[in-house]
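All heavy atoms count here, side chains included; hydrogens, waters and symmetry mates do not.
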Amino acid sequence: MLDSALEVLRLQAAGEASAVEIAGRALDAIEASQSTHNAYTHVDRASALAAARSVDAKRASGKPLGALAGVPVAVKDVLCTSDMPTTCSSEMLRGFRPPYDATVVEKLRAADAVIVGKTNMDEFAMGASTETSAFGITKNPWDTSRTPGGSSGGAAAAVAAGTVPLSLGTDTGGSIRQPAAFCGVTGLKPTYGRVSRYGLVAFASSLDQIGPMAWSADECALLMNVIAGFEPRDSTSLDQAVPDFTLATESNDLRGVRIGVLRESLQAEGIDESIRTAVAHAIGVFAELGAEIVDVDLPHREYWVPTYYVIAPSEASSNLSRYDGAHYGHRAGAEVKDLVSMYCRSRAEGFGAEVKRRIMIGTYALSEGYADEYYNKALKVRRLIRGDFDAAFSQVDLLLGPVTPTPAFPLGDKIDDPIQMYLCDLFTVGANLAGVPAISLPGGFDPSGLPIGIQLQAPTLEESRLLFAASAFQSATDYHTQRPTQ
């Protein structure tokens, strides 16, 4: 039951299982797999069981139940939870317990979901392998010698390991889609502002977005119905009507849909042949479902990664300046006597190497004499990138391409080579820079049995279109039904 939220709901409605029984199964599965996969930073058995008992009591008394009543959900450890620590997998925030819930957490509770714990991640969401966490690395359930991706590696691994049917991740440059691809699950990055960022510990404020992860597009739609919507406490939240996303998954007829294929992406240096094969197969599936396939190009594609790695570190250096040991975060020991030394020691002890690297890059890019040369120029290129997407979507309804250059790579393979790690975002950062929604779907397996993801992108606020096409693809394939054996 733990690989399907819809099945969890059915079992309860039929009286075949209680919310407490289901929560117990999830908590036992976490306990059994945690030493192997390390997908969680914190699990609260007592809180989860209390929430499940509340659902059972509501059902017994005939009270209205939320859309996710009794469904176990895991939440990335970058989202504030008042009843559990929120650490961003960093020593800087170890043990920090927020006084409030993030908006998405409030909505999960209102929908009667059972939040079982917080998932591991790259420190402050900076990384592509979940190897920069202060709580240890997370391992891919398909092959424990491989990375689950990052920064939402724990959220993807939690689903792939069969501990929960749904999880929430965040995506700044591909941090939902890349781990979804590596772990063989479905992951959706919504339009920027479609899901409120209130209570999300910011990495790069103009890029971060919260989104669902599950085995299928149908179940991502179920979770999107709960978390999407306007939040007046969030200045980046879009005041737009939210459709019923589950309605988008009811049809599999793609006749009349034009799908643009990013052919040049498939010729990129370093892309694995198995990725090309999976995308070519996906093109065939969509064509058989009735879609018209059109070749398109995004002229400034080669500038995605350099533009992202100026803007994101610049915003990170600003957002993380508050963690100085005085205002927020870890404070160095009592032997530090002066304020400047306390700042320096606190940040040196609290932040890991990758976070320090990005703070330094961002501070340099924003510094006097260089801001115009780097940061302001990157903002101009970002506008050109958005223009490329606008032009493409005037010709086609969706864009199809790869998620990652390779399947999941071995743990330790790139951790000492930041440039190679950054190139993992080659195909994903464009959607964040443009603010458009994108989804990663299981699209096949490489010769060794590792999952491969394919990516669809849509115009702003067209998550329903993405889910429609994704569900149609999954109706014609069985990749999303395959499960790891480790």
Would you mind reporting whether [Y] and [X] have side-chain heavy atoms less than 4.5 Å apart?
X: Met213; Y: Cys183; result: no
X: Asp3; Y: Arg483; result: yes
X: Leu400; Y: Leu262; result: no
X: Leu68; Y: Leu108; result: yes
X: Pro243; Y: Ser464; result: yes
X: Thr307; Y: Leu433; result: yes
X: Asp425; Y: Tyr309; result: yes
X: Thr103; Y: Lys107; result: yes

### Message
Could you walk me through whether Asp244 and Thr246 satisfy the side-chain hydrogen bond (donor to acceptor under 3.5 Å, both in side chains) test, starting with their C-alpha distance in whole Å, then the side-chain angles of each, then the deciding distance to 0.1 Å, before giving a yes or no?
### Response
CA-CA 5 Å; Asp244 183 346; Thr246 60; 2.5 Å; yes
Minimum heavy-atom distance between [X] and [Y], given as atom pair plus value:
X: Gly350; Y: His330; result: N-CD2, 4.1 Å
X: Ser175; Y: Thr170; result: CB-O, 3.1 Å
X: Ile176; Y: Ile210; result: CD1-C, 4.3 Å
X: Val242; Y: Gly229; result: CG2-CA, 3.6 Å
X: Pro459; Y: Asp397; result: CD-O, 3.5 Å
X: Thr41; Y: Ser89; result: CG2-OG, 3.7 Å

### Task
Apply side-chain hydrogen bond (donor to acceptor under 3.5 Å, both in side chains) to Thr428 and Gln455, showing your working.
CA-CA 9 Å; Thr428 54; Gln455 179 175 217; over 6 Å; no
Main-chain N/O of [Y] paired with [X] side-chain donor or acceptor, under 3.5 Å:
X: Ser129; Y: Thr147; result: no
X: Asp272; Y: Pro405; result: no
X: Lys118; Y: Met84; result: no
X: Gln178; Y: Ala128; result: yes
X: Asp388; Y: His300; result: yes
X: Glu219; Y: Leu166; result: no
X: Thr119; Y: Ala74; result: no
X: Gln209; Y: Tyr192; result: no
X: Gln457; Y: Ile439; result: no
X: Thr130; Y: Gly149; result: yes

### Task
Return the orientation label for the Tyr364 and Tyr374 ring planes: parallel under 30°, perpendicular over 60°, tilted otherwise.
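Aromatic pair Tyr364/Tyr374 classed tilted.
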### Message
In terms of relative ring orientation, are Trp304 and Phe389 parallel, tilted or perpendicular, with 30° and 60° separating the classes?
### Response
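Plane angle under 30°, so parallel.
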### Task
Using a strict cut-off of less than 4.0 Å between a Lys/Arg side-chain nitrogen and an Asp/Glu carboxylate oxygen, indicate whether Glu462 and Arg194 qualify as a salt bridge.
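Between Arg194 and Glu462 there is no salt bridge, as every charged N stays at least 4.0 Å from the carboxylate O atoms.
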### Query
Any salt bridge between Asp372 and Lys377, counting N to O under 4.0 Å?
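A salt bridge is absent here (no side-chain N lies under 4.0 Å from a carboxylate O).
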### Query
Which pairs count as salt bridge (Lys or Arg N to Asp or Glu O under 4.0 Å) when at least one residue sits in residues 246-262, sequence neighbours excluded?
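Those involving residues 246-262 are Asp253-Arg255, Arg258-Glu292.
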Side-chain donor-acceptor pair under 3.5 Å between [X] and [Y], yes or no?
X: Arg382; Y: Ser206; result: yes
X: Thr81; Y: Asp101; result: no
X: Gln474; Y: Ser216; result: no

### Task
Show your reasoning for whether side-chain contact (heavy atoms from CB on, under 4.5 Å) applies to Glu123 and Glu354.
CA-CA 8 Å; Glu123 184 183 11; Glu354 182 59 31; over 6 Å; no
State the [atom1]-[atom2] distance between [X] and [Y], to the nearest 0.5 angstrom.
X: Leu222; Y: Leu6; atom1: CG; atom2: CG; answer: 5.5 Å
X: Met92; Y: Arg347; atom1: CE; atom2: CZ; answer: 6.0 Å
X: Ile385; Y: Arg383; atom1: CD1; atom2: CZ; answer: 11.0 Å
X: Leu93; Y: Cys88; atom1: CG; atom2: SG; answer: 5.5 Å
X: Ser314; Y: Arg358; atom1: OG; atom2: CZ; answer: 12.0 Å
X: Ser196; Y: Leu238; atom1: OG; atom2: CG; answer: 10.5 Å

Taking atom [atom1] of [X] as the centre, does the number of heavy atoms from other residues, nucleotides or ligands within less than 6.0 Å exceed 12?
X: Glu273; atom1: CD; value: yes
X: Tyr303; atom1: OH; value: no
X: Phe230; atom1: CZ; value: yes

#### Entry: Verdict with reasoning, Asn120 to Thr138, per side-chain hydrogen bond (donor to acceptor under 3.5 Å, both in side chains)
CA-CA 7 Å; Asn120 203 9; Thr138 296; 3.0 Å; yes
### Task
Could you list all the ring pair (Phe, Tyr, Trp, His ring centres under 6.0 Å) pairs where at least one residue sits in residues 435-477, not counting sequence neighbours?
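Only Trp142-Phe445, Phe286-Phe473 qualify under ring pair (Phe, Tyr, Trp, His ring centres under 6.0 Å).
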### Query
Is there any ring pair (Phe, Tyr, Trp, His ring centres under 6.0 Å) pair reaching into residues 396-418, and which pairs are they, with sequence neighbours excluded?
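Residue pairs with at least one partner in residues 396-418: Phe182-Phe409.
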### Task
List the steps and the verdict of side-chain contact (heavy atoms from CB on, under 4.5 Å) for Ile415 and Thr132.
CA-CA 8 Å; Ile415 192 65; Thr132 68; 4.1 Å; yes
### Message
Checking Val164 against Tyr40 for the side-chain contact (heavy atoms from CB on, under 4.5 Å) test, could you report, in this order, the C-alpha distance in whole Å, the side-chain angles of both residues, the deciding distance, and whether it holds?
### Response
CA-CA 12 Å; Val164 287; Tyr40 292 82; 3.7 Å; yes
### Query
Is the NZ or CZ atom of Arg94 positioned over Phe135's six-membered ring, under 6.0 angstrom from the centre and within 45° of the axis?
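Yes, cation above the ring, under 6.0 Å and within 45°.
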### Task
Go through Tyr323 and Ser346 one step at a time and tell me if the side-chain hydrogen bond (donor to acceptor under 3.5 Å, both in side chains) criterion holds.
CA-CA 8 Å; Tyr323 302 106; Ser346 297; over 6 Å; no
### Task
Evaluate the side-chain contact (heavy atoms from CB on, under 4.5 Å) criterion for residues Leu168 and Leu79: first the C-alpha distance (whole Å), next the side-chain angles of each, then the deciding distance (0.1 Å), finally the verdict.
CA-CA 9 Å; Leu168 283 184; Leu79 296 167; 4.2 Å; yes
